[in-house]
Amino acid sequence: AYRRVAILQPDHKAALLELGNLLQNADRLEEAATLYRRLLRIDPNWAVAANNLAQGELKLGHPEPAFELTEGILSRDIANVRANALRLAALQQWGRLEEVDERVRLGECARAIEFDLPDAWTDFGAFNANLSRDLHEPPNLVADWDPMRRALRGGSAIPQFDEHHTPVIDAFMAMLNTRIEQYITELPERAAHPFLGRKPSGSYRLEIWGNILSGDHFQSAHIHNLGW
């Protein structure tokens with residue numbers, strides 16, 4: 001069916017893409033690559049086709065063109081997760097291992113941060129007790145998370161709890177924002193790095209929530225691969 005569409009409509013992107021994917025999954029890599037290149041002539045900036053072609057080039061043992069394809073994607077969208085992964089695979093296959101290490105080394109992004117106690121409190125014990133009390137009382141406290149969509153298993157959650165304004169929550173948010181801005185400022189500049197290459201500048205959006213757990217409730221392990 002895809003071949004028929006591709007013959008009748010030579011510029012039909014979806015049909016060409018699906019046909020290329022079927023060929024690549026069947027290890028007919030050269031035929032798939034021909035279709036992906038055709039797609040890129042139709043739409044040179046289509047990241048999906050470029051990523052698929054890069055993957056095929058890697059399977060064929062051609063790291064150089066795979067690297068160039070991913071570099072093109074990332075020049076337009078540094079946050080493209082798949083292009084970042086394929087670029088690392090290309091560099092590794094190419095033998096450029098120091099560059100792989102440079103891009104995946106995240107240790108320099110991890111920091112131990114100490115907070116300054118807000119002026120209105122005499123010790124962190126009192127501050128934390130007040131914060132815990134207020135986090136148990138927000139109007140948006142919920143306990144009905146869908147386990148297929150959320151990592152929380154049991155307990156309750158407070159989405160975007162900074163929208164619930166109390167003196168202690170506002171003090172906590174001010175304390176947190178101060179340290180986040182300091183952290184961003186201290187991170188090194190590195191254009192090719194998937195995180196350091198897109199440090200927030202000027203403004204950022206903070207999504208913050210709290211989980212209240214007890215007994216056998218827990219937070220399952222997970223990642224936020226599209227977060228900064």
Side-chain angles (χ1 to χ4, degrees), residues 2 13-113 151 180-207 220-228:
Y2 292 129
K13 290 169 55 177
L16 292 171
L17 180 69
E18 292 301 331
L19 181 56
N21 293 347
L22 288 172
L23 291 168
Q24 181 148 277
N25 289 336
D27 287 329
R28 294 165 63 176
L29 303 177
E30 293 288 4
E31 293 173 79
T34 298
L35 287 175
Y36 295 140
R37 293 189 188 101
R38 181 171 158 187
L39 279 167
L40 290 173
R41 287 194 294 273
I42 297 168
D43 184 353
N45 294 329
W46 197 15
V48 174
N51 271 326
N52 288 6
L53 179 55
Q55 180 175 304
E57 295 285 14
L58 288 172
K59 289 182 177 181
L60 288 165
H62 303 155
E64 296 94 332
F67 177 78
E68 292 301 325
L69 285 160
T70 58
E71 285 287 279
I73 297 167
L74 294 170
S75 69
R76 298 183 294 273
D77 176 16
I78 187 63
N80 189 295
V81 175
R82 191 171 173 220
N84 271 298
L86 289 169
R87 177 173 64 174
L88 292 174
L91 287 169
Q92 186 168 26
Q93 191 179 107
W94 204 346
R96 295 164 60 174
L97 301 183
E98 289 187 5
E99 293 174 75
V100 174
D101 182 62
E102 179 72 18
R103 287 167 169 82
V104 299
R105 187 174 64 243
L106 298 178
E108 62 186 329
C109 297
R111 303 286 163 84
I113 295 175
I180 289 173
E181 290 167 8
Q182 178 183 351
Y183 167 77
I184 292 171
T185 300
E186 292 174 352
L187 285 175
E189 301 285 345
R190 193 163 300 137
H193 194 279
F195 299 115
L196 300 178
R198 55 192 182 103
K199 289 169 53 176
S201 59
S203 64
Y204 58 88
R205 183 183 69 185
L206 180 63
E207 294 186 8
S220 64
H222 64 289
I223 63 170
H224 291 242
N225 62 303
L226 295 181
W228 170 59

Evaluation steps, side chain to side chain contact (heavy atoms under 4.5 Å, CB included), between Asn51 and Asn80: CA-CA 10 Å; Asn51 271 326; Asn80 189 295; 3.4 Å; yes

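Atom CG of Leu53 and atom CD of Gln24 lie 8.0 Å apart (nearest 0.5 Å). Glu57 CD to Glu68 CD: the interatomic distance, rounded to the nearest 0.5 Å, is 11.5 Å. Atom CG in Asn84 sits 8.5 Å away from atom OG1 in Thr70 (nearest 0.5 Å). Leu86 CG to Ile73 CD1: the interatomic distance, rounded to the nearest 0.5 Å, is 7.5 Å. For the atom pair CD1 (Ile42) and CZ (Arg37), the distance works out to 14.5 Å, reported to the nearest 0.5 Å. Distance CD/Glu102 to CG/Leu196: 8.5 Å, rounded to 0.5 Å.
Considering only heavy atoms from C-beta on, Tyr36 stays 4.5 Å or farther from Leu16 through its side chain. Side-chain contact between Asp101 and Glu98 is absent, with no heavy-atom pair separated by less than 4.5 Å. The shortest distance between side-chain heavy atoms of Glu186 and Arg111 falls below 4.5 Å.
Residues satisfying the salt bridge (charged side-chain N to carboxylate O under 4.0 Å, His left out) test with Arg82, not counting sequence neighbours, are none. Checked against salt bridge (charged side-chain N to carboxylate O under 4.0 Å, His left out), Arg41 has no partners two or more places apart in sequence or in another chain. In this structure, Glu30 has no salt bridge (charged side-chain N to carboxylate O under 4.0 Å, His left out) partners at least two apart in sequence or on a different chain. Under the salt bridge (charged side-chain N to carboxylate O under 4.0 Å, His left out) criterion, Glu207 pairs with Arg205, not counting sequence neighbours.
Heavy-atom minimum distance, Ile184 versus Pro200: CG2-O, 3.7 Å. Here the closest non-hydrogen pair linking Pro63 and Ala90 is CB-O, 3.4 Å. Scanning both residues, Leu23 and Glu31, for their nearest heavy atoms gives CD1-CB, 3.9 Å. Closest of all the heavy-atom pairs between Gly56 and Leu29 is O-CD1, 4.5 Å. Heavy-atom minimum distance, Gln92 versus Val100: N-CG2, 3.6 Å. Listed here is the closest heavy atom pair of Asn21 and Asn52: OD1-ND2, 2.8 Å.
Within the structure, the ring-ring contact (aromatic ring centres under 6.0 Å, His included) test picks out the following pairs touching residues 44-99 (sequence neighbours left out): Phe67-Trp94. Residue pairs meeting the salt bridge (Lys or Arg N to Asp or Glu O under 4.0 Å) criterion with at least one partner in residues 71-80, sequence neighbours excluded, are Glu71-Arg87.
One N or O on the side chain of Lys199 and one on the backbone of Leu187 form a donor-acceptor pair closer than 3.5 Å.
Annotation for Gln93: atom CD counts as buried by contact number, over 12 foreign heavy atoms lying within 6.0 Å.
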